[in-house]
There are 2 protein chains.
Amino acid sequence: MATETVENYIKALYALCRESPSGEAGVARLAQELSVTKGTATSMIKRLSLARLVKAEPYSGIALTAKGNKIALDVMRRHRVIETFLVRILKLDWADVHEEAERLEHALSPRILDRLDHFLGRPSTDPHGDPIPDAAGNVSEARSKPLAKCRARERVCIVRIKDQNRAFLKFVADSGFMPGVNLVVQSVSPQSASLVVRAARGEPVTLSQIAAAKILVKVI
Amino acid sequence: MATETVENYIKALYALCRESPSGEAGVARLAQELSVTKGTATSMIKRLSLARLVKAEPYSGIALTAKGNKIALDVMRRHRVIETFLVRILKLDWADVHEEAERLEHALSPRILDRLDHFLGRPSTDPHGDPIPDAAGNVSEARSKPLAKCRARERVCIVRIKDQNRAFLKFVADSGFMPGVNLVVQSVSPQSASLVVRAARGEPVTLSQIAAAKILVKVI
DNA sequence: CAAAAAAGTTTGACTACTCAAACTTTAATG
DNA sequence: CATTAAAGTTTGAGTAGTCAAACTTTTTTG
Ligand SMILES: [Mn+2]
Ligand SMILES: [Mn+2]
Ligand SMILES: [Mn+2]
Ligand SMILES: [Mn+2]
C-alpha cells in the first residue's frame, strides 16, 4: 500500500497534469502544492519513478503511469465519498470538509469505503459537484462551462465549484450558490471583468470573471 | 499532536498498566503487543519519557503521566465511537470493527469526533460493551463480574466482552451472546473448568473458564 | 546461591521523509 | 545572443521509526 505521503504526491500530480496543457507536471508547482522544497519533491519523484507510479526524465515533465493514475482516482474517490458523508450525514460545513477529508482519505479500507458509499446511496458527485470515480476508476464528468463564459439573460444550473478554498466556498454558499441551484445571468460587463447573476429567490450578486470562472454551470 | 505510532504505544501502555497489579508496564510485553523488537520499544520509551508522556527509570517499570493518560483516553474514545458507528450505521461485522478502528482512530479531528458522537446519540459503551470515555476523559465502568465467577442457576446480563480477537468475537456472537443479552447459568463444573449457560431463547452453550472469564456480566 | 532464563539496553544500520544551500540546466528577455 | 531568472538536481544533515545482534541487569529456579 502507498503511504499517506505518496498518496498526497500522486493526487497532487494528477491535478497538476490535468490542468497543464502538456499533460505533464513540474517539480516547482508540485513542491509548492505540497509545501515542501523543490529538492524534496525531486527526490520523491525519483522514488515514485522507481516504483513505476510516474514516468519522469531529468529536467523534463512528470506524468502518472496507469498504476499511478489508479491510485490518484482511488484517493479522490475516498476523498469525495468522505466529503459527501461529512456534509450529508454529520452536517459539517461545506467549507470545512475539504481539510477534514484530506486526512481521512488515507485511513479508509476498501470495505469501509464501500459500506459508506452504499450507505450514501452511491452518490455520483460530492458536495462541491466534483464527480466521484467508481470503484474501477471510471469518472463521468457532467458537461458544463464556466459561468464566466455565459451571456446576459442565460438561464443556467450550477453543477460544480472548482475551488476548495474555505473563504471562497464560504462566499459562494453565503451568496446562495451550490450545485443544483438555478441562476439567471442578468448582465455581463467585460470592461469591469464582472457579471451580475441572480438565484431563483435571491438578491443579485456581482461576481468577478475570476470567481465566475470557478463556477461551472450547464444551460437549462 | 502525537503521531500515530506514539498514540499506539500510549494506548498499549494504558492497557498494560491496567492489567498489571503494580500498575506499571514492561518493555517486553509492550514490544510484543506492538509487534516490534524490545530495542525498538526501549528507544520509544526514552522518547516518550523525554516528551513527559511516561515516567520510566532504566530497568524498572513504565507508567503513564497525566498527559500520557489523557492521550490514551482520547484515543480510546475515538476508537470506541468509531466502532459504534461502524456496527450501528455501516452494519459492519462485530468481529471486524476492531481492526478497522485501529487505523481510523488516528485520523479523526475533535470536530468530527464530536459530530459522530452526537449523531450516534452520545453512546456510553461501544458494541463490545467497552465504556466510551467522555471528551474530558471520564470513564464510567459499569459494575460487573466475570461470567466465570458465577454460580449455577444465577441469572445475569452480559455487559462486556473483554477480548477483541476476531475468532473469539465470532464464536461469542454465533452463540447468541452480546452485551444486553440475558443468560442463565445452568451448571458449573470446576473439574472440567467449564460451565453451561443458556440465553433466553437459545441452545445451552458450554464455555471454558478461560472464555467465561472474558465475558463480564451483571446479576439481574 | 550459582546457573540459566528473562527482561531490558545499546549500537550500528536501514527506510521514509524532510530542509538548506550549493549547483546545473532550461527558459525568458532585453 | 548574452544575461538573468526560473526550474530542476545534488549533497549533507536531521527526525521518526524500525531491526538484528551484542550486551547488561534482574529474576527464576534447581
Ligand atoms: Mn491527503
Ligand atoms: Mn470536494
Ligand atoms: Mn491504532
Ligand atoms: Mn471495542
Side-chain angles (χ1 to χ4, degrees), chain A residues 1-13 15-17 19-64 68 71 75 102-103 105-107, chain B residues 1-13 15-17 19-64 68 71 75 102-103 105-107:
Chain A
M1 242 301 177
T3 69
E4 174 161 349
T5 309
V6 165
E7 288 191 341
N8 283 334
Y9 274 85
I10 293 286
K11 195 166 61 124
L13 282 168
L16 290 176
C17 290
E19 71 184 46
S20 133
S22 66
E24 295 193 326
V27 166
R29 277 298 311 281
L30 178 63
Q32 188 200 343
E33 211 65 34
L34 296 165
S35 303
V36 297
T37 62
K38 287 178 294 166
T40 298
T42 296
S43 74
M44 177 57 91
I45 291 301
K46 217 175 292 177
R47 300 211 322 263
L48 295 179
S49 189
L50 216 75
R52 306 280 157 193
L53 300 180
V54 308
K55 210 164 78 61
E57 237 60 60
Y59 291 104
S60 115
I62 309 156
L64 289 175
I71 291 176
V75 178
E102 205 54 53
R103 279 172 309 97
E105 67 189 356
H106 310 289
Chain B
M1 244 300 180
T3 68
E4 174 161 349
T5 309
V6 165
E7 287 190 343
N8 284 334
Y9 274 85
I10 293 287
K11 195 165 60 122
L13 283 168
L16 290 176
C17 290
E19 74 184 44
S20 133
S22 67
E24 295 192 328
V27 167
R29 277 297 313 280
L30 178 63
Q32 188 200 342
E33 212 64 35
L34 296 165
S35 303
V36 296
T37 62
K38 287 176 295 166
T40 298
T42 296
S43 75
M44 178 56 90
I45 291 301
K46 218 175 291 177
R47 301 216 314 269
L48 295 179
S49 189
L50 216 77
R52 306 280 157 193
L53 300 180
V54 309
K55 209 163 80 58
E57 237 61 60
Y59 291 102
S60 114
I62 309 156
L64 289 175
I71 291 176
V75 179
E102 205 54 53
R103 279 172 307 100
E105 68 188 357
H106 311 289

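The figures here come from the full heavy-atom set of this structure, side chains too, leaving out hydrogens, waters and symmetry mates. Residue numbers start from 1 in every chain, and the chains themselves are labelled A, B, ... in the order their sequence lines are given, proteins ahead of strands. A quick note: this is a predicted structure, and the numbers were derived from the prediction, not measured.
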A.B. asks: Please step through side-chain contact (heavy atoms from CB on, under 4.5 Å) for the pair A/Asn8 and A/Glu105, ending with a clear verdict.
C.D. replies: CA-CA 10 Å; A/Asn8 283 334; A/Glu105 67 189 356; 3.5 Å; yes
A.B. asks: Report the distance from atom CD of A/Gln32 to atom C1' of D/dA6, rounded to the nearest whole Å.
C.D. replies: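 Spelled out: CD on A/Gln32 to C1' on D/dA6 is 13 Å.
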A.B. asks: Taking only residues at least two apart or on different chains, which pairs with a member in residues 21-36 of chain A satisfy salt bridge (charged side-chain N to carboxylate O under 4.0 Å, His left out)?
C.D. replies: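 Sorted result for residues 21-36 of chain A: A/Glu19-A/Arg29, A/Arg29-A/Glu33.
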A.B. asks: Just grab all the salt bridge (charged side-chain N to carboxylate O under 4.0 Å, His left out) pairs involving residues 53-64 of chain A, residues at least two apart or on different chains.
C.D. replies: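 Salt bridge (charged side-chain N to carboxylate O under 4.0 Å, His left out) check on residues 53-64 of chain A returns no pairs.
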A.B. asks: With heavy atoms under 4.0 Å as the rule, sort A/Ser60 into base, sugar-phosphate or nothing.
C.D. replies: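 A/Ser60: no heavy atom of the nucleic acid under 4.0 Å.
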A.B. asks: Output all residues satisfying side chain to side chain donor-acceptor pair (under 3.5 Å) with A/Ser20, sequence neighbours left out; order by chain, then residue number.
C.D. replies: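 Expected list: A/Ser22.
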A.B. asks: If the condition is salt bridge (Lys or Arg N to Asp or Glu O under 4.0 Å), which residues does B/Glu102 pass it with, not counting sequence neighbours?
C.D. replies: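 Scan of B/Glu102 (salt bridge (Lys or Arg N to Asp or Glu O under 4.0 Å), adjacent residues dropped) gives B/Lys11.
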A.B. asks: So do the side chains of A/Leu48 and A/Leu13 get within less than 4.5 Å of each other, counting heavy atoms only?
C.D. replies: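 Heavy-atom side-chain distance check passes, below 4.5 Å.
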A.B. asks: Check DNA chain C against residues 21-31 of chain A and give the residues with a non-hydrogen atom under 4.0 Å, in numerical order.
C.D. replies: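 Under 4.0 Å from DNA chain C: no residue of residues 21-31 of chain A.
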A.B. asks: Kindly write out the residues that satisfy side chain to side chain contact (heavy atoms under 4.5 Å, CB included) with B/Ser49, not counting sequence neighbours, or none if the list is empty.
C.D. replies: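 B/Ser49 satisfies side chain to side chain contact (heavy atoms under 4.5 Å, CB included) with B/Val54 once adjacent residues are dropped.
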A.B. asks: I want to verify a distance call: between C/dA16, D/dT9, C/dG8, whose nearest atom is closest to the B/Thr42 side chain?
C.D. replies: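 Closest of the options to the side chain of B/Thr42: C/dG8.
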A.B. asks: Anything under 3.5 Å between a protein N or O and an N or O of nucleotides 26-29 of chain D, put it in a table, one pair a line.
C.D. replies:
none

A.B. asks: Mind calculating the distance between CE (B/Met44) and P (D/dC19) to the nearest angstrom?
C.D. replies: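 Atom-to-atom, B/Met44 to D/dC19, this comes out as 11 Å.
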A.B. asks: Checking A/Ser35 now: which residues fulfil side chain to side chain contact (heavy atoms under 4.5 Å, CB included) with it, not counting sequence neighbours?
C.D. replies: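 If we apply the side chain to side chain contact (heavy atoms under 4.5 Å, CB included) test to A/Ser35, skipping adjacent residues, there are no hits.
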A.B. asks: Rounded to whole angstrom units, what separation is found between the NZ atom of A/Lys46 and the C1' atom of C/dA16?
C.D. replies: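 Roughly 15 Å, once rounded to whole Å.
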A.B. asks: Might you list the N or O atoms of the protein lying below 3.5 Å from N or O atoms in nucleotides 13-15 of chain D, with each pair's distance?
C.D. replies:
none

A.B. asks: A/Glu4 CD to C/dT15 C1': how many Å, rounded?
C.D. replies: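 Roughly 17 Å, once rounded to whole Å.
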A.B. asks: Measure from the side chain of B/Thr40, starting at C-beta and using heavy atoms only, and say which of C/dT18, D/dC19, C/dG8 lies closest.
C.D. replies: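 Side chain of B/Thr40 sits closest to D/dC19.
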A.B. asks: Once you round it to whole Å, what is the distance between C1' of C/dT9 and CD1 of B/Ile62?
C.D. replies: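 About 12 Å, once rounded to whole Å.
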A.B. asks: Return whichever of B/Ser43 or B/Lys38 has its heavy-atom-nearest nucleotide of DNA chain D closer to the 5' end.
C.D. replies: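 Taking each residue's closest nucleotide, the earlier one in sequence belongs to B/Ser43.
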A.B. asks: Could you state the CG-P distance from A/Leu48 to C/dA16, rounded to the nearest angstrom?
C.D. replies: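 Taking CG of A/Leu48 and P of C/dA16, I get 11 Å after rounding.
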A.B. asks: In this structure, how many angstroms lie between the P atom of D/dA16 and the CG atom of B/Asn8, rounded?
C.D. replies: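 It works out to 17 Å between those atoms.
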A.B. asks: Looking at every heavy atom in both A/Cys17 and A/Ile62, which two are closest together, and how far apart are they?
C.D. replies: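 A/Cys17 and A/Ile62 have their closest heavy atoms at SG-O, 3.6 Å.
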A.B. asks: For B/Arg103, check salt bridge (Lys or Arg N to Asp or Glu O under 4.0 Å) against everything at least two apart and list the hits.
C.D. replies: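 With sequence neighbours excluded, B/Arg103 shows a salt bridge (Lys or Arg N to Asp or Glu O under 4.0 Å) to B/Glu100, given in chain and number order.
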A.B. asks: In whole angstrom, what separates B/Glu33's CD from C/dG8's P?
C.D. replies: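 Spelled out: CD on B/Glu33 to P on C/dG8 is 14 Å.
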A.B. asks: Among residues at least two apart in sequence or on other chains, which ones pass side chain to side chain contact (heavy atoms under 4.5 Å, CB included) with A/Thr40?
C.D. replies: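 Applying side chain to side chain contact (heavy atoms under 4.5 Å, CB included) to A/Thr40 gives A/Tyr9, A/Val36, A/Thr37.
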A.B. asks: Taking only residues two or more places apart in sequence, or in another chain, which ones meet B/Thr3 in a side chain to side chain contact (heavy atoms under 4.5 Å, CB included)?
C.D. replies: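 By the side chain to side chain contact (heavy atoms under 4.5 Å, CB included) rule, B/Thr3 matches B/Thr5, B/Val6.
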A.B. asks: Assuming nearest nucleotide by heavy-atom distance, tell me which of B/Glu57 and A/Tyr9 is located more 5' along DNA chain C.
C.D. replies: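 Looking at the nearest nucleotide for each, B/Glu57 comes out on the 5' side.
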